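Quick one: this structure, given as structure tokens, is what I'll be asking you about.
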There are 2 protein chains.
Amino acid sequence: MEKFKELSEEAWQLYLLHVSIDCVVFGFHDFTLKVLLLKGLHDDSWALPGGYIGNEEDIDDSAIRTLKERTGAENIYLEQFRAFGSPNRSEHYFSEFPDTLWHKQRFVTIGYYALVDYTLVLPKPDSISSSCEWKDIENLPSLIMDHKYIIDQALTTLRMQLSHKPIGYSLLPDKFTMPELQKLYEIILGKKLNRGNFYRKMMGYDILDKLDESRKSGGAHKSPNLYRFNKEKYENALSNGLKESW
Amino acid sequence: MEKFKELSEEAWQLYLLHVSIDCVVFGFHDFTLKVLLLKGLHDDSWALPGGYIGNEEDIDDSAIRTLKERTGAENIYLEQFRAFGSPNRSEHYFSEFPDTLWHKQRFVTIGYYALVDYTLVLPKPDSISSSCEWKDIENLPSLIMDHKYIIDQALTTLRMQLSHKPIGYSLLPDKFTMPELQKLYEIILGKKLNRGNFYRKMMGYDILDKLDESRKSGGAHKSPNLYRFNKEKYENALSNGLKESW
DNA sequence: ACAAAAGTGTTTGGATTACACCCATGA
DNA sequence: TCATGGGTGTAATCCAAACACTTTTGT
């Protein structure tokens, strides 16, 4: 409570009133899609990492800034996807706070989704949160305000843009295996894909470099080959879209 | 100038500071795609119809409100597509006005695009504009601030969503001809389409009702048949997407 | 030997592309 | 009769889906 009031003072000076940003940070690990969430200091609800916009700051830069603070990572793939502006988005949420509290004002929030390499991120809570963790998209905890809705919208956008944006490139580590790539596509699209066809299709796009290494996994199996996106080819291919007709 | 100051007074009371909306209103007429623009009282630059958000108003409702004021039409197809938040979007534009002027504050604007039946719209200027007119998308006049950029972004979004949103349905009058429909698609996609294939594809979707009328055009040609979208079928078809693979 | 990974083959069906042809019709 | 619109035919091609078979390889 005191923490909020303390931050409120300077927020009124530093930031644009009525505009906030929220980031849906996607990561891929252990064959599941994850979202970075913050847990409040006082309650058990979770929230999206977000922030406010400096008086002279570009909104994209504001998103980049929070991303960097929360993940430690730079050059994160970031895409604005939607503004959320219901007048009662935060209703009840700050009811026990004074009306002069910054956070209690009405905010139109601009939603960004970010795609990060899970292995390069070190989650860090912000000053009003007790922890910052990856949460499985299939098993989200209870979220504040309309944050669940914002995540759903981000996921829908992600699905629609899978063939038009460098999504695989941004979510996977530098080196990855074909089964990992396929699982990522299956999770985003929400359905199983045929292995052989997926392999052929991906190779047909000519956007992957096959490496001379393989990953020693623990199991009693053949160790899978490692691949890497060929950045130039990938981006060139995406500029035309990986498919589509008309 | 006085007009601005007069409006400014009440704006500070009625609206959310720092958030505005701008609408890119598309219409289709004479085989060309058009955008509804407003001309300022004092200069020769044109602007998108837009407005501010009431203290207790939903952002979508704010867009609906301006649309209705500018076009007289209701139930307009509306889609939010992007927020624009560069800190210097309006730089220089209000430089000769006092700093307390509402319009001179920094605004993050939320872009909407609207699709209207050209024949049902009666353009009406707002209180700070001298006129409100349809302008050909291929031949836009000089625009204020970043409004040209906003239109370009709206058009890009429109193109991407052609197969997923009821775009033809919203842009054409109730009754239309096959060549009109094809031209609309060609303009949005920016390329020629094969006539026979287009005809078959459209009819194959089973979303058009063929009418027993034809349009008497002036020329020495066969008068084209009229068609109408079958609303139920169209929306049902779009919910699955008119194509796509994966 | 077993299980996962890699790579390829094949068949089927559908959709797209690109033409081309014929008919209708209004001035 | 000419230009446009309406409607269909067709062959080439490409792609996706589904399935199956083989080989490789780490334990």
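Naming: A, B, ... by sequence-line order, numbering from 1 per chain. Predicted, not measured: the structure shown is a model, and the values here were computed from it.
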Handout entry: Protein-nucleotide distance (Met203(A), atom CE; dA6(C), atom P), rounded to Å
Key = 10 Å
Completion exercise
Met202(A) atom CE is separated from dA5(C) atom P, nearest whole Å, by 17 Å
Exercise for the section: Starting from the C-alpha separation in whole Å, work towards a yes-or-no answer on side-chain contact (heavy atoms from CB on, under 4.5 Å) for Leu193(A) and Lys201(A). Expected result: CA-CA 11 Å; Leu193(A) 300 171; Lys201(A) 191 165 186 171; over 6 Å; no
Problem - Where protein sits on nucleotides 8-13 of chain C, one letter per nucleotide: B base, S sugar-phosphate only, - none, heavy atoms under 4.0 Å - result: BBB---
Problem - Set of ring-ring contact (aromatic ring centres under 6.0 Å, His included) partners for Trp134(A), sequence neighbours left out - result: Tyr118(A)
Exercise for the section: Using a heavy-atom cut-off of under 4.0 Å over every strand shown, decide if Asn194(A) touches base, sugar-phosphate, or nothing. Expected result: base
Practice task
Rounded to the nearest angstrom, tell me the gap between atom NZ in Lys192(A) and atom C1' in dC19(D).
Solution key: 17 Å
Exercise for the section: Identify, between Asn225(B) and Ser214(A), the residue whose nearest nucleotide on DNA chain D lies closer to the 5' end. Expected result: Asn225(B)
Problem - Test side-chain hydrogen bond (donor to acceptor under 3.5 Å, both in side chains) applied to Tyr113(B) and Lys165(B), Glu79(B), Gln161(B), the passing residue - result: Gln161(B)
Problem - Interatomic distance, Phe176(A) CZ vs dA5(C) P [rounded to whole Å] - result: 15 Å
Practice task
Could you check which of dA6(C), dG26(D), dG5(D) has an atom nearest any side-chain atom of Pro224(B)?
Solution key: dG5(D)
Practice task
Is it possible for you to check whether Arg195(A) lies under 6.0 Å from the centre of the six-membered ring of Tyr199(A), through NZ or CZ, and within 45° of that ring's axis?
Solution key: no
Exercise for the section: Using side-chain contact (heavy atoms from CB on, under 4.5 Å) as the criterion, point out the one residue from Val116(B), Thr71(B), Leu48(B) that pairs with Leu36(B). Expected result: Thr71(B)
Handout entry: d(CG, Leu211(A); P, dA6(C)) in whole Å
Key = 12 Å
Handout entry: Protein-nucleotide distance (Leu193(B), atom CG; dT16(C), atom C1'), rounded to Å
Key = 12 Å
Practice task
Test Asp61(A) against Arg65(A) for salt bridge (Lys or Arg N to Asp or Glu O under 4.0 Å), laying out the working first.
Solution key: CA-CA 6 Å; Asp61(A) 291 337; Arg65(A) 179 168 50 81; over 6 Å; no
Practice task
Ignoring backbone atoms, establish whether Lys201(A) has a side-chain N or O less than 4.0 Å from OP1 or OP2 of dC15(D).
Solution key: no
Exercise for the section: Taking Asp30(B) for its side chain and Thr32(B) for its backbone only, find out whether a donor-acceptor pair lies under 3.5 Å. Expected result: no
Problem - Touch class at under 4.0 angstrom, heavy-atom based, for Met178(A) against every strand present - result: sugar-phosphate
Exercise for the section: In whole angstrom, give the distance that lies between atom CG of Leu208(B) and atom C1' of dG5(D). Expected result: 16 Å
Handout entry: Separation of dA4(C) P from Lys222(A) NZ (nearest whole Å)
Key = 14 Å
